[in-house]
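Side-chain atoms are counted along with the backbone in the values below, which use heavy atoms only and exclude waters and symmetry mates. Sequential numbering from 1 along the given sequence is applied to the chain's residues.
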Amino acid sequence: MRYALIRKMDISNGEGVGISLFVQGCHFHCKGCFNQETWDFDGGKEWNKEIENKFFELARQPHIKRISFLGGEPLADENVGTVKDLIYKLKEEMPQKRIWVYTGYLWEDIMNVYSNKDKTAYVPNLERFAAAVGSDVIVDGRFQFANQDINHMKTVWAGSTNQRTIDVKKSLINGNVTLF
């Protein structure tokens, strides 16, 4: 995996004070994306053990309450294995910290074994599923320029009104999308 940026102190990509990992690479290329420099999977910097150790040092700080993954697309096939592993390592070591994932994928597509109309021959990405269920909050859906919410009057954590801020645990318990 490659990454674009680690924000050491972030108050804009989730509730409370956190850190954010902006992964490199995205297939969606949403019109009006605020982070187009993260689209190229070959851009950014190589993620390695040294960077991971620094990332965990930042996350361990007592004032950090949240870790956010965004990008780029953290759940893209090229990124999701590393992101999933990071989520589970963070949860094991720091279960009190909330994990937020921003993704262009829809909750229903991540969770649903049969997402096509005839309910046949669809194989879900199990790493994407595992990353999602290991998270606390998912902001799902592609950014839609025509539905952007510049002043965040309708959305607090999303960029456009079609995106949802989902409470993962409650959604899994309830069996349907439960907003955060």
Side-chain angles (χ1 to χ4, degrees), residues 1-4 10 13-15 18-35 38-39 41 47 55 59 66-92 94-95 97-145 147-149 154-180:
M1 182 181 84
R2 300 184 68 77
Y3 75 102
D10 182 21
N13 293 300
E15 185 177 55
I19 62 171
S20 292
L21 171 59
F22 290 79
V23 303
Q24 189 68 38
C26 181
H27 295 289
F28 293 130
H29 297 187
C30 301
K31 178 184 176 186
C33 173
F34 82 102
N35 225 357
T38 66
W39 288 358
F41 283 94
W47 184 265
F55 182 69
R66 168 196 40 87
I67 298 104
S68 295
F69 293 89
L70 56 165
E73 175 53 65
L75 301 186
D77 291 345
E78 296 85 347
N79 296 327
V80 69
T82 303
V83 169
K84 172 195 56 95
D85 291 345
L86 290 170
I87 288 169
Y88 282 91
K89 287 178 189 176
L90 287 161
K91 278 301 191 181
E92 182 178 336
M94 300 167 255
K97 310 253 180 177
R98 294 185 69 95
I99 305 291
W100 286 57
V101 176
Y102 284 76
T103 181
Y105 293 98
L106 293 175
W107 172 264
E108 292 79 4
D109 292 331
I110 297 168
M111 295 294 135
N112 197 347
V113 175
Y114 299 109
S115 73
N116 58 354
K117 289 180 184 174
D118 63 0
K119 298 186 178 185
T120 60
Y122 178 75
V123 178
N125 181 312
L126 296 178
E127 287 196 314
R128 193 173 293 137
F129 176 86
V133 299
S135 305
D136 296 297
V137 177
I138 289 193
V139 179
D140 82 333
R142 297 178 191 179
F143 173 75
Q144 294 178 351
F145 186 74
N147 293 316
Q148 66 183 320
D149 190 13
K154 296 179 182 176
T155 62
V156 177
W157 308 115
S160 58
T161 57
N162 64 295
Q163 296 172 307
R164 302 172 294 182
T165 304
I166 299 169
D167 186 311
V168 172
K169 304 306 179 238
K170 287 181 181 176
S171 296
L172 291 171
I173 290 168
N174 296 337
N176 57 16
V177 171
T178 305
L179 299 179
F180 179 77

Results of salt bridge (Lys or Arg N to Asp or Glu O under 4.0 Å) for [X] - residues two or more places apart only:
X: R142; result: none
X: D85; result: none
X: K91; result: D136

Taking only residues two or more places apart in sequence, or in another chain, which ones meet [X] in a side chain to side chain contact (heavy atoms under 4.5 Å, CB included)?
X: H29; value: W39
X: T165; value: W100, V137, V139, W157, F180
X: V177; value: W107, E108, R164, I166, L179
X: T82; value: M1, W47, L86

F28 meets the ring pair (Phe, Tyr, Trp, His ring centres under 6.0 Å) criterion, sequence neighbours left out, with Y105

Set of side-chain hydrogen bond (donor to acceptor under 3.5 Å, both in side chains) partners for [X], sequence neighbours left out:
X: D77; result: N125, R128
X: T155; result: D149
X: S68; result: R66

Sequence neighbours excluded, every pair satisfying salt bridge (Lys or Arg N to Asp or Glu O under 4.0 Å) that has a member inside residues 166-180: none

Student check: side-chain heavy atoms of [X] and [Y] closer than 4.5 Å:
X: Q24; Y: F41; answer: no
X: N35; Y: Y102; answer: no
X: Q148; Y: F143; answer: yes
X: T103; Y: F69; answer: no

